[in-house]
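Encoded as structure tokens, the structure appears first; notes follow it.
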There are 2 protein chains.
Amino acid sequence: MKTTEHYGKKVDLALSMWVKLARASTTFGRLTGRDIESYGLTQPQFGVLEMLGHLGPLNTGKIAKRSLVTGGCVTVILDNLEKDGFIERIRSSDDRRMITVQLTHKGHTTFQTIFQKHATRVTELASVLTEEEQLRLSTLLKKLGLGLKEKQ
Amino acid sequence: MKTTEHYGKKVDLALSMWVKLARASTTFGRLTGRDIESYGLTQPQFGVLEMLGHLGPLNTGKIAKRSLVTGGCVTVILDNLEKDGFIERIRSSDDRRMITVQLTHKGHTTFQTIFQKHATRVTELASVLTEEEQLRLSTLLKKLGLGLKEKQ
DNA sequence: ATTGATTATTTCAAGTTTAAACCATTAAAA
DNA sequence: TTTTAATGGTTTAAACTTGAAATAATCAAT
């Protein structure tokens with residue numbers, strides 16, 4: 001697995017960390033994603049559903065920013081969620097450029113059932129690490145994530 | 001940022017770890033990806049180039065497995081790399097189903113120049129964490145990654 | 001030696017994502 | 001007030017990815 005060894009200690013450390021980060025993230029995503037798709041939602045669709053379920057109504061721009069996805073992509077995701085009756089778009093009355101997105105009743109109940117199972121699955125997968133390790137990992141990832149955000 | 005708080009300590013821990021993992025990985029990928037694309041290669045193309053540069057000639061299947069990407073996708077990536085003269089495909093003589101992929105001279109020099117810059121960039125980004133933190137993070141991610149792989 | 005199963009790779013269609021161009025609306029400035 | 005700039009959202013074309021079907025070559029068993 002050691003594919004990089006000739007760039008100096010510091011560089012090797014960074015490179016191998018990056019590889020492991022990408023791998024763990026992809027694998028985790030695949031496993032949970034497969035699960036989500038078995039409920040008839042795509043991963044990004046579920047992401048938006050979850051966001052609305054936890055945070056309440058949001059406008060398109062906020063959804064895009066939070067889900068780290070392009071605006072154009074959010075439009076498509078919302079189109080599909082709307083088509084399936086999970087969300088509805090409401091043109092804002094005070095600033096008519098904005099559109100507020102909110103869950104329908106169907107969207108809400110779907111969110112609750114799926115999220116429950118999703119949470120169980122994620123917990124089961126995470127149990128590869130002890131709780132203490134999960135906490136340490138979270139702390140480090142948070143520091144990394146926030147630090148990178150500043151470099152953007 | 002605390003969007004989930006009502007599912008029990010264990011579940012919340014797992015969920016928040018997963019969110020941070022995805023975020024850090026995506027952000028890191030975006031930043032390095034932007035860089036790579038400025039050299040005229042897509043991220044997956046660079047991934048294959050790097051793999052061949054570090055490991056030497058490989059067949060399509062191994063590339064797919066290592067890069068966590070579908071075989072069909074590898075075919076496309078190789079098509080494009082070949083079109084640009086970075087790699088060549090050689091039908092294996094002992095098992096004629098297999099195709100060995102190797103860097104051309106152009107591919108090799110391109111790999112070396114780009115990878116050098118890439119490594120510098122990754123190191124710079126990783127410096128958001130101290131070296132000791134990077135090491136701890138690597139260790140945890142490795143354990144997580146390997147553990148998840150078994151659950152697949 | 002021939003049939004059947006397996007393996008390596010490619011092709012194809014469908015779905016996703018992105019960046020850029022494009023409307024529509026609002027805010028700011030002349 | 002009219003023009004100009006900025007903001008929110010959608011559309012579009014191009015690229016990428018996937019999973020499944022198709023092709024080709026090898027292996028195993030009769």
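Every chain is numbered from 1 and lettered A, B, ... according to where its sequence line falls, protein lines coming before strand lines.
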Seminar exercise, completed: Protein heavy-atom contacts under 4.0 Å, written 5' to 3' over nucleotides 6-20 of chain C as B (base), S (sugar-phosphate only) or - (none), form the string -BSSBB----SSBB-
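- Between R96(A) atom CZ and dT10(D) atom P the separation is 14 Å, expressed in whole Å.
- To the nearest 0.5 angstrom, L144(B) atom CG is 10.0 Å from W18(B) atom CH2.
- Evaluation of the salt bridge (charged side-chain N to carboxylate O under 4.0 Å, His left out) test over residues 36-47 of chain A, restricted to residues two or more places apart or in two chains, returns none.
- Of all heavy-atom pairs spanning Q134(A) and A126(A), the tightest one is NE2-O, 3.1 Å.
- Proximity of a side-chain donor or acceptor of K117(B) to a complementary backbone N or O of D35(B) within less than 3.5 Å is not detected.
- Side-chain atoms of S25(A) never come within 3.5 Å of backbone atoms of L21(A) as a donor-acceptor pair (strictly under, hydrogens ignored).
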